[in-house]
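Comments concern the structure below.
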Protein chains: 4
Amino acid sequence: MTNIIDEAVIQLAERFQLPERVVNIEELPWVPFTDHESCYFKPLRFDLNTGTWIYLFRIKSNQVLGKHRHTGGSVIGYNIQGRWRYEDRSWVATPGTFVFEPPGDIHTLITEDEEVVTLFILSGALQYFDDDNQITSQDDIYTVLKKYRNYCTHHGIAIREDLIY
Amino acid sequence: MTNIIDEAVIQLAERFQLPERVVNIEELPWVPFTDHESCYFKPLRFDLNTGTWIYLFRIKSNQVLGKHRHTGGSVIGYNIQGRWRYEDRSWVATPGTFVFEPPGDIHTLITEDEEVVTLFILSGALQYFDDDNQITSQDDIYTVLKKYRNYCTHHGIAIREDLIY
Amino acid sequence: MTNIIDEAVIQLAERFQLPERVVNIEELPWVPFTDHESCYFKPLRFDLNTGTWIYLFRIKSNQVLGKHRHTGGSVIGYNIQGRWRYEDRSWVATPGTFVFEPPGDIHTLITEDEEVVTLFILSGALQYFDDDNQITSQDDIYTVLKKYRNYCTHHGIAIREDLIY
Amino acid sequence: MTNIIDEAVIQLAERFQLPERVVNIEELPWVPFTDHESCYFKPLRFDLNTGTWIYLFRIKSNQVLGKHRHTGGSVIGYNIQGRWRYEDRSWVATPGTFVFEPPGDIHTLITEDEEVVTLFILSGALQYFDDDNQITSQDDIYTVLKKYRNYCTHHGIAIREDLIY
């Protein structure tokens with residue numbers, strides 16, 4: 001019988017495979033996401049090939065995060081701790097809630113009286129609205145990378161370059 | 001000032017956007033992944049567009065899962081509970097460990113004396129080796145979907161069709 | 001011998017598979033991309049799951065398209081006809097040139113004295129700069145979808161809803 | 001007015017951006033895909049991060065390619081030259097035909113009396129059936145990479161390492 005994967009292919013694959021990546025959140029700082037001390041993140045991956053990033057996101061209790069649009073990308077979230085919801089939607093994320101938001105979605109995230117920790121996978125850009133529904137600023141993979149790098153630099157923390165791949 | 005997103009685009013986006021999806025793991029059964037009662041999953045998403053699936057994976061303590069290759073796809077894992085490792089690698093996944101394994105990776109997962117729960121995002125196919133390094137079986141998005149549907153049918157559990165998107 | 005794909009999986013796959021999609025460019029109009037009559041597109045796919053779109057892009061000869069940034073997404077191009085380049089780069093796309101531009105790339109496309117036709121795969125958003133390097137407008141999957149739908153509506157052309165998937 | 005992209009982000013992006021990639025098909029050989037001298041490819045990209053590859057595929061006239069399943073990945077095709085179809089389907093690809101085949105699709109490609117050239121984007125694995133519907137062999141990104149590298153080595157052609165990203 002001919003095996004469907006021949007040994008030479010496995011050897012070639014092993015030679016060319018990207019390296020595996022492993023990081024534990026204990027090794028990463030909580031980086032402020034904004035100036036308001038309302039939310040923080042631990043970066044897990046910056047995929048510069050697609051513009052997708054993955055982070056653990058922590059939001060203080062009783063916060064209303066700025067209304068924003070996910071332009072050109074989607075959101076996947078897996079909630080680990082606390083309860084949160086999007087304004088004007090009927091569901092509440094509790095521990096173990098998995099969420100998909102499609103590209104273009106506009107929402108305002110609201111926490112309750114407990115701190116929230118959620119794993120998020122994001123692509124595209126987050127564009128923030130002011131009260132007149134004008135876009136005033138945005139985040140994408142590079143602004144998040146910049147927040148992380150600047151925070152590490154300012155606090156003398158070694159930057160994990162292996163999060164970029 | 002001209003806004004960079006005009007209102008008509010937002011209205012069109014709202015009309016065409018895919019629906020958001022929300023599921024909590026409390027609403028899902030632990031589906032046996034194999035016949036060996038060693039591992040179980042709760043499906044979170046079946047992306048039939050790309051062949052990517054997301055599930056919460058539970059592995060009993062002191063297990064050695066079959067050696068397999070991730071053919072044509074990668075693995076992303078975020079470990080939530082317990083400790084596990086891949087045979088012959090130096091790192092151990094503990095709660096909060098984030099892992100990326102590249103397409104083509106071959107590994108054997110081993111748990112310690114505690115049950116493991118990990119969130120996995122998988123694409124491509126898992127191909128299982130026998131002791132002679134022959135591929136004897138494989139899983140892909142459709143076999144996982146089949147395990148889930150069959151389990152629900154046999155146990156009178158309503159199938160969550162909204163996990164497919 | 002046990003086959004690695006059992007018949008029941010193939011039957012389930014056939015039941016759940018997304019439908020195939022087929023379109024020929026002859027069936028599609030050239031939709032103006034801007035008001036300047038400089039470039040046109042034939043949409044091939046709107047992937048609302050990821051925000052990626054694919055189109056055949058036609059640019060008139062001797063054009064300088066507006067400087068823009070690919071925020072949150074990449075560009076893949078396969079040039080079919082004509083010659084074009086990005087300002088201040090040393091290479092020229094000719095028929096058969098394949099290009100990858102990473103997320104965040106900023107460029108200005110320039111055509112020569114022949115009309116250009118290129119297949120592009122785009123994700124994220126295109127953000128256009130004015131002369132003061134301010135972002136004045138942007139395109140994403142929804143603005144492109146809107147251009148296409150409006151054009152069809154105004155010209156009495158049936159909208160190909162099957163391009164959306 | 002505050003710009004939505006600040007200059008520091010653009011500078012950081014420029015520093016971290018993956019390099020652009022440019023290749024013209026004139027620079028690449030036609031690599032035999034099988035031993036049967038029925039089809040050839042020019043590789044355009046090997047994305048080792050996702051297992052996706054892109055190639056220009058050339059099939060001689062009056063061929064019937066082996067029945068195969070796209071396990072764990074999809075097919076996107078843009079036909080440039082010639083006419084081809086999948087057995088038992090009603091449509092025929094002609095120049096300018098764009099095709100999407102979902103993960104799991106099983107088909108047999110047939111050409112007419114003209115040579116075919118199609119741009120294909122593939123992920124996952126191609127698994128080939130014998131007459132008893134057993135899987136006898138498969139291709140994935142690594143087997144295609146191996147065909148390319150071996151061909152170059154045997155013919156003294158420089159390998160384009162910059163196709164891997």
Side-chain angles (χ1 to χ4, degrees), chain C residues 1-5 7 9-10 12-14 16-28 42 44-45 47 54 56 69 71 74-80 86 89-107 119 121 127 129 132-135 138 163 165, chain D residues 1-5 7 9-10 12-14 16-28 42 44-45 47 54 56 69 71 74-80 86 89-107 119 121 127 129 132-135 138 163 165:
Chain C
M1 176 192 163
T2 308
N3 200 356
I4 57 169
I5 308 178
E7 189 56 35
V9 166
I10 288 176
L12 179 123
E14 285 173 347
F16 283 96
Q17 266 178 224
L18 297 185
E20 68 179 1
R21 306 282 177 149
V22 184
V23 65
N24 190 284
I25 57 171
E26 297 298 320
E27 306 158 23
L28 297 164
K42 289 183 184 244
L44 297 171
R45 180 181 186 184
D47 177 354
I54 305 177
L56 206 62
R69 181 180 193 247
T71 297
S74 66
V75 183
I76 284 175
Y78 182 79
N79 192 33
I80 291 171
Y86 289 134
R89 310 226 180 150
S90 58
W91 52 273
V92 176
T94 59
T97 295
F98 178 86
V99 177
F100 166 79
E101 298 292 334
D105 205 59
I106 296 172
H107 45 232
L119 179 71
I121 302 174
Q127 297 187 306
F129 293 92
D132 298 324
N133 275 333
Q134 302 286 308
I135 301 295
Q138 69 184 17
L163 303 179
Y165 59 100
Chain D
M1 177 193 160
T2 307
N3 200 357
I4 58 168
I5 308 178
E7 189 56 34
V9 167
I10 288 176
L12 180 125
E14 285 172 349
F16 283 96
Q17 267 179 222
L18 297 184
E20 67 178 1
R21 307 281 177 149
V22 184
V23 64
N24 190 285
I25 58 172
E26 298 298 320
E27 307 158 22
L28 297 165
K42 291 183 183 242
L44 297 171
R45 181 180 186 185
D47 177 355
I54 305 177
L56 206 62
R69 180 179 195 248
T71 296
S74 66
V75 183
I76 285 174
Y78 182 79
N79 193 34
I80 292 171
Y86 290 134
R89 310 226 180 151
S90 58
W91 53 272
V92 176
T94 59
T97 295
F98 178 87
V99 178
F100 166 80
E101 298 291 335
D105 205 60
I106 295 173
H107 46 232
L119 178 72
I121 302 173
Q127 297 188 307
F129 293 91
D132 298 323
N133 274 334
Q134 301 287 309
I135 300 295
Q138 69 184 18
L163 302 179
Y165 57 99

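Chain letters run A, B, ... following the sequence lines, proteins first, then strands; residues in each count from 1. As the structure is a computational prediction, the values presented were derived from the model and not from experiment.
Top candidate by heavy-atom pairs under 4.5 Å with chain C, chosen from D:Val22, D:Ile76, D:Thr71, D:Asp132, is D:Val22. Ranking C:Ile121, C:Asp105, C:Leu119 against chain D, the residue ahead of the rest is C:Asp105, based on heavy-atom pairs under 4.5 Å. When D:Ile25, D:Ile106, D:Val99, D:Val9 are compared by the number of non-hydrogen pairs under 4.5 Å with chain C, D:Ile25 comes out ahead. The residue among C:Glu27, C:Glu7, C:Arg89 with the most heavy atom pairs within less than 4.5 Å of chain D is C:Arg89.
Here OH of C:Tyr86 is found 8.0 Å from CD of D:Glu20. Values are rounded to the nearest 0.5 Å. If you take OG1 on C:Thr97 and CG on D:Asn24, they are separated by 3.5 Å, rounding to the nearest 0.5 Å. For the atom pair D:Ile5 CD1 and C:Gln134 CD, the distance stands at 10.0 Å (nearest 0.5 Å).
Of the two parts of D:Leu18, the backbone and the side chain both hold a non-hydrogen atom closer than 4.5 Å to a non-hydrogen atom of chain C. With a threshold of 4.5 angstrom between heavy atoms, D:Ile80 approaches chain C through side-chain atoms but not through N, CA, C or O. Heavy-atom distances place the side chain of C:Ile10, and not its backbone, under 4.5 Å from chain D. Contacts between C:Tyr165 and chain D at a heavy-atom distance below 4.5 Å involve the side chain alone, from C-beta outward. Of the atoms belonging to D:Phe129, it is side-chain heavy atoms, and not backbone ones, that fall under 4.5 Å from chain C.
Every residue two or more places apart in sequence or in another chain that forms a salt bridge (Lys or Arg N to Asp or Glu O under 4.0 Å) with C:Arg45 is listed here: C:Asp47. With sequence neighbours excluded, no residue forms a side-chain hydrogen bond (donor to acceptor under 3.5 Å, both in side chains) with D:Glu14.
The pair C:Arg21-D:Glu101 does not count as a salt bridge, with every side-chain nitrogen at least 4.0 angstrom from each carboxylate oxygen.
For the residue pair C:Pro103 and D:Gln17, the shortest heavy atom distance occurs at O-CG, 3.5 Å.
Proximity of the aromatic rings of C:Tyr78 and D:Tyr78 is defined here by a centroid distance below 6.0 angstrom, and this criterion is not met.
Side-chain atoms of D:Asn3 come within 3.5 Å of backbone N or O of C:Asn133 as a donor-acceptor pair.
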